[in-house]
Amino acid sequence: MRIATWNINSLRARMDRVLAFLERHDVDVLALQETKAKPEQLDLTALQEAGYEVSAHGLNQWNGVALISRVGLSDVRTELPDVPSWPEDETGVVEARALSGVVGDGLRIWSLYVPNGRELEHPHYAYKLRWLEALRAEASRTLSEDPAARAVLVGDFNVAPMDEDVWDMSFFEGKTHVTEPERAAFRAVVDAGYADVVRPDHEGPGVYTYWDYQALRFPKKEGMRIDFVLGSPAVQSAVSGSFIDREERKGKGASDHAPVVVDLEF
DNA sequence: ATGGTCGAATGTCGA
């Protein structure tokens with residue numbers, strides 16, 4: 001089974017790229033982030049004609065996540081337990097950042113769009129840390145109930161866990177994504193039993209999944225590694241390969257993120 | 001040229 005995760009930065013703007021990507025790489029399950037659409041705004045006809053089931057979760061124009069699967073999609077859950085809604089001091093805004101379902105042979109996959117954090121002093125930064133802790137709690141529960149659970153946490157974590165995951169640490173002084181609290185929150189998820197199953201095959205500086213549209217970051221190879229596939233022990237032992245599809249960042253109409261692909265053989 | 005981009009519920013914000 002081939003799974004993938006991709007921050008698509010608007011599914012409506014890039015449906016053609018999604019369809020081509022699924023076909024090109026023979027993908028069974030694709031988790032999307034930043035769909036930037038409510039489900040009723042999406043035309044899923046072409047995906048369904050290609051043999052995929054789709055579950056989309058979007059409540060506003062900002063975020064939104066989706067799961068696309070041709071190997072079953074059942075027991076769909078939206079959002080994490082214990083996650084505070086945002087913003088607490090405003091009204092009428094609810095975010096959609098997590099969606100899970102069971103695919104293939106009993107694999108629970110979470111499509112996750114971790115809050116960006118904006119700036120260190122912004123309330124959204126504290127919200128990001130609380131959100132990551134809620135993710136860790138849910139992930140821990142899954143493995144405490146069944147240590148052999150097949151579970152995978154995929155998506156845009158908006159955290160660069162290591163210095164080598166950004167092109168220049170000095171650029172990020174005083175900025176989000178690289179602070180110790182964010183990295184500790186990320187490590188807590190890993191320490192709960194969910195290893196980065198892509199890094200072992202693609203380690204070292206310059207292995208990125210995101211390049212800002214601005215300032216010619218992509219041609220200058222100035223990127224960040226913030227999109228991950230974190231697998232439970234049962235998933236870790238099933239990984240037979242992985243790659244980051246840098247080609248998808250090229251050309252007109254690209255998302256600012258590249259897809260991350262993992263092959264699993266249970 | 002000392003910046004350079006996108007997408008959206010666009011005339012501005014969030015990433």
Side-chain angles (χ1 to χ4, degrees), chain A residues 5-19 21 31-44 56-66 84-98 111-132 154-161 165-168 170-179 182 185-186 208-228 245-260:
Chain A
T5 180
W6 193 5
N7 180 321
I8 196 63
N9 186 22
S10 172
L11 178 51
R12 282 174 289 173
R14 259 172 279 288
M15 185 62 82
D16 289 350
R17 277 205 181 232
V18 168
L19 289 161
F21 168 76
L32 294 174
Q33 300 85 37
E34 279 204 86
T35 56
K36 291 189 174 175
K38 301 172 188 176
E40 61 267 28
Q41 294 176 305
L42 297 169
D43 180 1
L44 305 174
H57 180 41
L59 298 167
N60 59 30
Q61 71 274 36
W62 297 124
N63 32 62
V65 285
S85 61
W86 172 266
E88 294 171 326
D89 57 347
E90 296 175 33
T91 57
V93 178
V94 182
E95 303 206 319
R97 296 183 172 275
S111 180
L112 304 166
Y113 179 48
V114 176
N116 173 284
R118 302 186 186 179
E119 294 158 10
L120 299 189
E121 305 76 19
H122 197 285
H124 222 275
Y125 176 77
Y127 170 59
K128 177 181 193 174
L129 297 177
R130 299 213 309 280
W131 200 98
L132 282 165
V154 310
D156 178 358
F157 283 74
N158 271 316
V159 177
D165 296 334
V166 298
W167 80 91
D168 180 4
S170 68
F171 179 85
F172 287 89
E173 279 180 29
K175 293 191 172 74
T176 60
H177 291 61
V178 301
T179 66
E182 290 167 282
F186 181 90
Y208 304 135
T209 64
Y210 163 83
W211 299 260
D212 198 320
Y213 285 128
Q214 299 183 66
L216 298 178
R217 293 292 181 214
F218 185 63
K220 286 155 74 175
K221 304 187 188 310
E222 296 176 342
M224 304 172 72
R225 186 177 190 144
I226 54 178
D227 300 86
F228 297 97
D245 188 9
R246 221 176 146 276
E247 293 299 306
E248 270 298 344
R249 184 59 180 82
K250 296 179 180 176
K252 187 174 165 60
S255 169
D256 43 2
H257 293 250
V260 181

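Chain identifiers are assigned alphabetically (A, B, ...) following the order of the sequence lines, protein sequences preceding nucleic acid strands; residue numbering begins at 1 within each chain. As a basis for the values below, the full set of heavy atoms in this structure was taken, side chains included, without hydrogen atoms, waters or symmetry mates.
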What distance, rounded to whole Å, do you find between the two [atom1] atoms, one in [N] and one in [M]?
| N | M | atom1 | result |
| --- | --- | --- | --- |
| B:dA1 | B:dC6 | P | 22 Å |
| B:dA15 | B:dT10 | C1' | 15 Å |
| B:dT2 | B:dG7 | C1' | 27 Å |
| B:dA9 | B:dG14 | P | 15 Å |

Nucleotide N/O to protein N/O under 3.5 Å, stretch nucleotides 10-12 of chain B:
none

[X] [atom1] to [N] [atom2], straight-line distance once rounded to whole Å:
| X | N | atom1 | atom2 | result |
| --- | --- | --- | --- | --- |
| A:R97 | B:dA15 | CZ | C1' | 11 Å |
| A:K175 | B:dA15 | NZ | P | 16 Å |
| A:M224 | B:dA15 | CE | C1' | 11 Å |
| A:Y125 | B:dA15 | OH | P | 15 Å |

If I compare all heavy atoms of [X] with all of [Y], which pair ends up nearest, and what's the gap?
| X | Y | answer |
| --- | --- | --- |
| A:V178 | A:E182 | N-OE1, 3.7 Å |
| A:D212 | A:R217 | O-CB, 3.3 Å |
| A:H57 | A:A96 | O-CB, 3.4 Å |

Original post:
What one-letter contact string describes nucleotides 1-9 of chain B from 5' to 3', where B marks a base within less than 4.0 Å of any protein heavy atom, S marks contact via sugar-phosphate atoms alone, and - marks no contact?
Top reply: ---BBSBSB
**OP:** For A:K38, enumerate each residue passing the side-chain contact (heavy atoms from CB on, under 4.5 Å) test, keeping only those at least two apart in sequence or located in another chain.
**Re:** A:E40, A:Q41
Original post:
Parallel, tilted or perpendicular for A:F186 and A:F157, by the 30°/60° rule?
Top reply: perpendicular
Original post:
Which part of the nucleic acid, if any, lies within contact of A:Y113, taking any heavy atom under 4.0 Å across all strands shown: a base, the sugar-phosphate backbone alone, or nothing?
Top reply: sugar-phosphate
**OP:** From the options A:W211, A:Y213, A:Y210, select the one residue that forms a ring pair (Phe, Tyr, Trp, His ring centres under 6.0 Å) with A:H257.
**Re:** A:Y210
